[in-house]
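A note on names: the letters A, B, ... follow the listed sequences, proteins ahead of strands, and every chain is numbered from 1. Everything numeric in this text was worked out from a predicted model, so none of it was measured.
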There are 2 protein chains.
Amino acid sequence: MAATRIADLLKSGQPGDSTTIQGWVRTKRAQKTLCFINVNDGSCMSGVQIVAESDMAGYDNVISQIATGASVEIQGTVVESPAKGQRIEVKAEQIRVFGGADESYPLQKKRHSFEFLRTLGHLRSRTNTLGAVFRVRNAAAQAVHEFFRDRGFLWVHTPILTASDCEGAGEMFTVTSLNLNQPPLTKGNGVDVEQDFFGKSAYLTVSGQLEAEIMAMAFTNVYTFGPTFRAENSNTSRHLAEFWMIEPEMAFCDLMGNADLAEDFLKYIFKAVLDACEDDMAFFNQRIDDSVLATADNIINNEFARITYTEAVELLLKTDKKFEFPVEWGIDLQSEHERYLAEDLFKKPVIVTDYPAAIKAFYMRLNDDQKTVAAMDVLAPKVGEIIGGSQREERLDILETRIDEAGLPRDAYWWYLDLRRYGTVPHAGFGLGFERLVQFMTGMGNIRDVIPFPRTPDNIEF
Amino acid sequence: MAATRIADLLKSGQPGDSTTIQGWVRTKRAQKTLCFINVNDGSCMSGVQIVAESDMAGYDNVISQIATGASVEIQGTVVESPAKGQRIEVKAEQIRVFGGADESYPLQKKRHSFEFLRTLGHLRSRTNTLGAVFRVRNAAAQAVHEFFRDRGFLWVHTPILTASDCEGAGEMFTVTSLNLNQPPLTKGNGVDVEQDFFGKSAYLTVSGQLEAEIMAMAFTNVYTFGPTFRAENSNTSRHLAEFWMIEPEMAFCDLMGNADLAEDFLKYIFKAVLDACEDDMAFFNQRIDDSVLATADNIINNEFARITYTEAVELLLKTDKKFEFPVEWGIDLQSEHERYLAEDLFKKPVIVTDYPAAIKAFYMRLNDDQKTVAAMDVLAPKVGEIIGGSQREERLDILETRIDEAGLPRDAYWWYLDLRRYGTVPHAGFGLGFERLVQFMTGMGNIRDVIPFPRTPDNIEF
């Protein structure tokens, strides 16, 4: 059943070509002796227009079965299109209907809210907007692999299941194979986790970073790209309980090398998506957020600004702009501060480095001033923080002290500390949430609309 | 700190080139006025030989700090190597030791069992064998994306968390955010799952297939590549509780199209790995399993045999070979039967199709004979089943009957059935476990040695 992808046909089809097209009917417009059918196979935004004339064999029967949502195969000939905005169309010689769709098909021509479409997770990818989102998502995901592969990075699969409940990045889900209604109990009447699948409590990972560090200490440059989890009860347009994260980790790399990679990475992904999904990106700019193309252009064509946290605080104190959260050295920058820096002041992405140690994770490398760490956040216009990373503490004694100060148990980190005992090296890495990146690229307002099957509090359908 | 990857240096370095190398010391051999140091950065199997002479500045001090496991940076000049088996080596002009490694470093020169190395999950990637495994794993994973991307398939991220406990492929882990020691209770004293994170019971997925079908009904050709889970208490060399699976799904595709894709896929991945990891594959052939290269050659250069299940049973009944499990029409083929077909009889991969409906999943398409389904298994010499797939049942009434016959609740499949109500099409797909594929390629005996951080019963370290 070899058919031509509609994206390929629209690009390279020539009048006179014989072609076979397969897809789903988006619209049908029947006239007396003529029927126009728009067919889409998901390969691109615009479907192809099929023209069926009443002298086609079985015309009446076939046309009666065709409705929005029906699946069809068309054999025909490519012809020049007299219609505006399309180079070619297909004159049907034979139409086969695989499956109909009656009036109950929920995606009739009228527009639907994204909220309503979320209740149709099994059908919403057939709409223009969600179709475009998932093509962009795929193009960005492929570009992630290309970017790292071309630079000699190994894709490493860090574990989803972990026994460590002190990764520190957020609330964790518990994973168990026990019967929760009749769990085995210890003498003290607690659940006997020794009888659980792993012989101890198990959780879903919040980050692959610590294990990625293991792999970087063997392969120099590695990255993860996989699902991570948060059990936080955050019902917002920016939070998911399950999302995909990208985390490169580089041995023999310092904070500036890390910042260089982050900048190259963002430029590469935006450029790759613009190249691969030109029509989809134009659609987002027209229908969803008219700054999407300008933002991409801003990312690709500007050298990112680089300032320290201390400089950032000085700049924030200097401005006349009023902030809800008052600024002083030591605070965690709020979204309003981050957006002021990137959007109003620099008008381009800004990499802020060297944050106060007190507000950052224990594994970030302590600077010589003893009060800041070699952390970095990449702030982008419109969204604020898009990437967070750091040089890691590679000195055993300082790392041990930092673990103690954070109130964490050294024992749990025995292998992480071993990496500093045996051939330790300066190393660095960053993380970014893939869905936030897709949201940023497409301008989609709710993160639930950039992942095929969103998981949020009280929501696990499909 | 821009250094040259050792893989690149060994390939293209020319005598006279200045170079900087970073990596970890594998071996050190000190003579009176000379020291040979083998340095490895994980980019390839063989490290580069560094020659330091005693007239180098700080020679004594530096050499005293260098031991197996230490991390170093060497600036020097590429010279022709007088040693056998290496084209070039590096004459050191300056050596910097980042981190030492004392006698307690567990990976001293002597060989270690893979079982012992599993207790060193944070260090074992620095050994020759595990290093080779994870380079092959990366090359295979990259090839998976290339294969599908080049054919216009979208990579779709199907959910890890699912509310459906009836996917049918195996035992599932439960995921919860409740405090297991003090869970909220219903009036009947059961755990009140309505108060859990998702408002109902949640599990870790065993397959992304059903959701991949959703996406194929919008984008025609899609694939998943992500982690899946089994809570089965299987302590074998072939089972993991967490493993990565690849599942393509194609609309407008029948069983033979599915078989074609599976065959093309395996040939492509093997070829890509042989191209990318020539030295690593030669190592496996020499040290782990001397049939590894012949097997790869067999996969790449033979047209796979295709027979029906019924023909397979006839062939098994005809042979004089004695089987432990007796053969008759209706049985599930055992590993001994599968290996006989692929290894002894056809001496190449065999695709067996059209299995008895009674032993296959409800979603496989019922054949016209009413007793077999359009299933396929790809059997390979040495391992037996490596891929399993089917054409899916696209006819609503038959699918409903099959769900009833399997004793499953129709309600749970409302959206899966909707796909057959609205624009249903013939479609097909297959699944393969990525770790089994890597095991097959490398000849590694235990599946725990082809994933960085294996999860098995009572084992969740690192």
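Heavy-atom distances place both the backbone and the side chain of D41(B) under 4.5 Å from chain A. For V25(B), no part lies under 4.5 angstrom from a heavy atom of chain A. For E146(A), the part lying near chain B is the side chain, with the backbone staying farther off; criterion is any non-hydrogen pair under 4.5 Å. Proximity to chain A (any heavy atom under 4.5 Å) is shown, for T68(B), by neither the backbone nor the side chain. Both the backbone and the side chain of R455(A) come within contact range of chain B, judged by heavy atoms closer than 4.5 Å. In this structure, chain A has a heavy atom under 4.5 Å from the side chain of F229(B), while its backbone stays farther away. Contact of A216(B) with chain A is made through the backbone alone, with heavy-atom distances under 4.5 Å.
Listed by chain and number, the residues in a ring pair (Phe, Tyr, Trp, His ring centres under 6.0 Å) with F148(B) are F153(B), Y223(B), F265(B) (sequence neighbours excluded).
Counting heavy-atom neighbours within 6.0 Å of Q108(B) CD, excluding the residue itself, gives a total above 12.
Residues W415(A) and L210(A) form a side-chain contact, since some pair of their non-hydrogen atoms from C-beta on lies under 4.5 Å apart.
For chain A, the option among N181(B), V175(B), I160(B), T220(B) with the highest count of heavy-atom pairs below 4.5 Å is I160(B). Counting heavy-atom pairs closer than 4.5 Å to chain A, the top-ranked of the candidates P227(B), G226(B), P183(B) is P227(B).
The structure places CG of N221(A) at 12.0 Å from NE2 of H427(A), a figure rounded to the nearest 0.5 Å.
Taking the six-membered ring where tryptophan is involved, the planes of H157(B) and F434(A) are perpendicular, since the angle between them exceeds 60° and thus also 30°.
A donor-acceptor pair shorter than 3.5 Å cannot be found between the side chains of Y413(B) and S164(B).
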